[in-house]
Amino acid sequence: MIRIYNTLSQQKEEFKPIEPGKVRMYVCGMTVYDYCHLGHARVLVAFDVITRYLRHCGYDVHYVRNITDIDDKILRRADENGEVYTDLTGRMIQAMHEDEARLGVLSPNEEPRATAYIDEIIAMIRRLISGGHAYAADNGDVYFAVDSFADYGKLSKKKLEDLVAGARVDVQEAKRSPADFALWKAAKPGEVSWPSPWGEGRPGWHIECSAMSTRCLGDTFDIHGGGPDLLFPHHENEIAQSECATGHKFVNVWMHAGAIRVNKEKMSKSLGNFFTIREILENYPAEVVRYFLVSSHYRSQVDYSEDNLVEAGRTLTRLYHALRGLVPAKNVAETDYDRRFADAMDDDFNTAGAIAVLHAVANEINQHRRDGRDAEARESAAVLVRLGKVLGLLQQDPEAYFQADTGGELTAEDIEALIQARAEARKNRDFAEGDRIRDELAAKGIILDDSREGTTWRRG
RNA sequence: GGCGCGGUGGCAGAGUGGUUAUGCAGCGGACUGCAACUCCGUGUACGCCGGUUCGAUUCCGACCCGCGCCUCCA
């Protein structure tokens, strides 16, 4: 039985899909005006692991993750760059796909883009207006009337009067209430726009997700996820729009990832303290970054730091070391480790607990190897690779992981030649020369591992 | 101010009303020509104060501290 923390109820609940055996899940994706940062990676990886585990449990998961490809920031950035906004978004979408592929994130089943759903968006706004939940203002904008939805605030636990009293809401003459939000924005002169019953314009930010999720997954679906800062107002507004438009409950389980922090502050675009995925991947292997993200629970805040990435690298190396030189056995039956792994994952996707099981398996492999039990070692290796796959880890050939070319000055051939020279020297009991070569390699980041079968190397 | 989350050993990070998290780092031993890797062993924990309890890090209350959202942000 899988239990999931639901932001709506603020507690873990037994997960029961609407349709047995099937999971319909929507996650808010990127607004494509810049490269993805580590915070995006967190959400990408978190919901990738969730999808993998649900599928591992036998669910048929239909995973939809949208792309916001029209928005104020996109238009501003394109304008600054002096380019057509579709050139910008096209480039950023491609970059995003590259980044997620490197992080081992599987593609969602559908990746709808806002600009491809203008008709659905307009249709939903019409329904909201005719139902008395929205109104066209004099300035050409269409707003959602927040006080028309009694449940407004149920996700973020906010009271409407507090919101209205707060000085930070956008004061807009055209709005009936300060907390009302735009469904449709009238185009400014020269701006890209689409025709609508309310004049030329473009969709507001929140309506696209209501329209796309409903279209792709139905009026009610199982799981809706996203980053921590989308809880309010974005997800709150999605609920208001969707439930008023369809008359049905929008989503059963709301899931939110924790924030990535840098120096005790949230990593965010507005603070400008963000690291893009591609910047980080210049310094660390992608799988190390993924391990770092998966090694803590998806709802917790995590601190980005060099030390933490370095430690993640050491730890992942230990796991790959256990697998090195072993051909995993085939058709290995379920073990107690599989059950312990599942127990952890069943509890709101406790990846930290699941990783502890991975280490237990690695330890067992090493014990088998020590004792020369090759068949058992290969069976345990199969378990480790099988469980690793659910987390999107340990799927590389260990040699590829250890010897990945990181742009160092030595090629694999150079290294092999030096290892040969060292072996000769040691054979002649010229240990000074052998150690000299080992030190020379170490200085260039190459670590040697001696064993009975010979010497292997890795980039450290 | 409103709402929400959290404070675990040197660090990272799970979890539990009484019994080992796990990893990294450290220490001792084995292995090794010496190391590295690996194995075996090992120390240091649950913010503070009350309460409930036979017993609380785990439940309850107060307090202190940190963080997030309340505005575009994953």
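Below, all heavy atoms of this structure are taken into account, side chains as well, without hydrogens, waters or symmetry copies.
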NZ/NE/NH1/NH2 to OD/OE distance under 4.0 Å, [X] and [Y]:
X	Y	answer
D346(A)	R3(A)	no
D72(A)	K185(A)	yes
K266(A)	D229(A)	yes
R77(A)	E80(A)	yes
K12(A)	D347(A)	yes
R436(A)	E440(A)	yes

Rounding to a whole Å, what distance do you find between [X]:[atom1] and [N]:[atom2]?
X	N	atom1	atom2	answer
L448(A)	A36(B)	CG	C1'	8 Å
E161(A)	G2(B)	CD	P	14 Å
M255(A)	A74(B)	CE	P	19 Å
E236(A)	C72(B)	CD	P	14 Å
L326(A)	C37(B)	CG	P	19 Å
I67(A)	C73(B)	CD1	P	16 Å
K154(A)	C69(B)	NZ	P	24 Å
L358(A)	A14(B)	CG	C1'	14 Å

Once you apply a heavy-atom cut-off of 4.0 Å, does [X] come out as touching a base, just sugar-phosphate, or nothing?
X	value
S268(A)	base
G29(A)	sugar-phosphate
L231(A)	nothing
R65(A)	nothing
S451(A)	nothing
A257(A)	nothing
F431(A)	base
D450(A)	base

In whole Å, what separates the [atom1] atom of [N] from that of [M]?
N	M	atom1	result
G18(B)	G13(B)	C1'	24 Å
C27(B)	G10(B)	C1'	13 Å
A74(B)	C69(B)	P	12 Å
U20(B)	U57(B)	P	16 Å
C48(B)	A62(B)	C1'	11 Å
U52(B)	U58(B)	C1'	14 Å
G9(B)	G47(B)	C1'	14 Å
U8(B)	U16(B)	C1'	12 Å

hbond_proxy [X] side chain to [N] base (donor-acceptor, 3.5 Å cutoff):
X	N	value
R438(A)	C34(B)	yes
H256(A)	A74(B)	no
D435(A)	A35(B)	no

request  = Might you work through the side-chain contact (heavy atoms from CB on, under 4.5 Å) test for Y291(A) and I355(A), ending with a clear yes or no?
outcome  = CA-CA 9 Å; Y291(A) 184 91; I355(A) 281 180; 3.3 Å; yes

message = The criterion is ring-ring contact (aromatic ring centres under 6.0 Å, His included); which residues satisfy it with F402(A), sequence neighbours excluded?
response = H321(A)

Does [N] have a Watson-Crick or wobble partner in any strand here, with both distances under 3.5 angstrom, and which is it?
N	result
G66(B)	C5(B)
U16(B)	none
G41(B)	C27(B)
G55(B)	none
A36(B)	none

Which nucleotide in the list [options] gets nearest to the side chain of [X]?
X	options	answer
R426(A)	C34(B), C39(B), C67(B)	C34(B)
R370(A)	A36(B), C69(B), C39(B)	C39(B)
K158(A)	C70(B), C37(B), A74(B)	C70(B)
V302(A)	G13(B), C37(B), U38(B)	G13(B)

inquiry  = Which is more 5' along RNA chain B, the nucleotide nearest K159(A) or the one nearest E265(A)? Just name the residue.
reply    =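 Looking at the nearest nucleotide for each, K159(A) comes out on the 5' side.
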
note = Comparing F232(A) with Y5(A), nearest RNA chain B nucleotide closer to 5' gives the residue Y5(A)

For [N], take OP1 and OP2 only and decide whether either is under 4.0 Å from a side-chain N or O of [X].
X	N	answer
Q301(A)	G7(B)	no
K157(A)	G2(B)	no
W205(A)	C73(B)	yes
S300(A)	A14(B)	yes
K266(A)	A74(B)	no

message = Determine whether a donor-acceptor pair (N or O, by modelled atom type, separation under 3.5 Å) exists between the side chain of E236(A) and the backbone of K154(A).
response =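 Confirmed, E236(A) side chain pairs with K154(A) backbone.
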
query = How does protein reach along nucleotides 15-30 of chain B, written 5' to 3' as B (base within reach of a heavy atom under 4.0 Å), S (only sugar-phosphate), or - (no contact)?
reply = S-----BSBSS-----

request  = Check the side chains of T51(A) and D48(A) for a donor-acceptor pair under 3.5 angstrom, ignoring hydrogens and angles.
outcome  =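 No, no side-chain donor-acceptor pair sits under 3.5 Å.
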
request  = May I ask you to check whether E83(A) and N81(A) show a side-chain donor-acceptor distance below 3.5 Å?
outcome  = yes

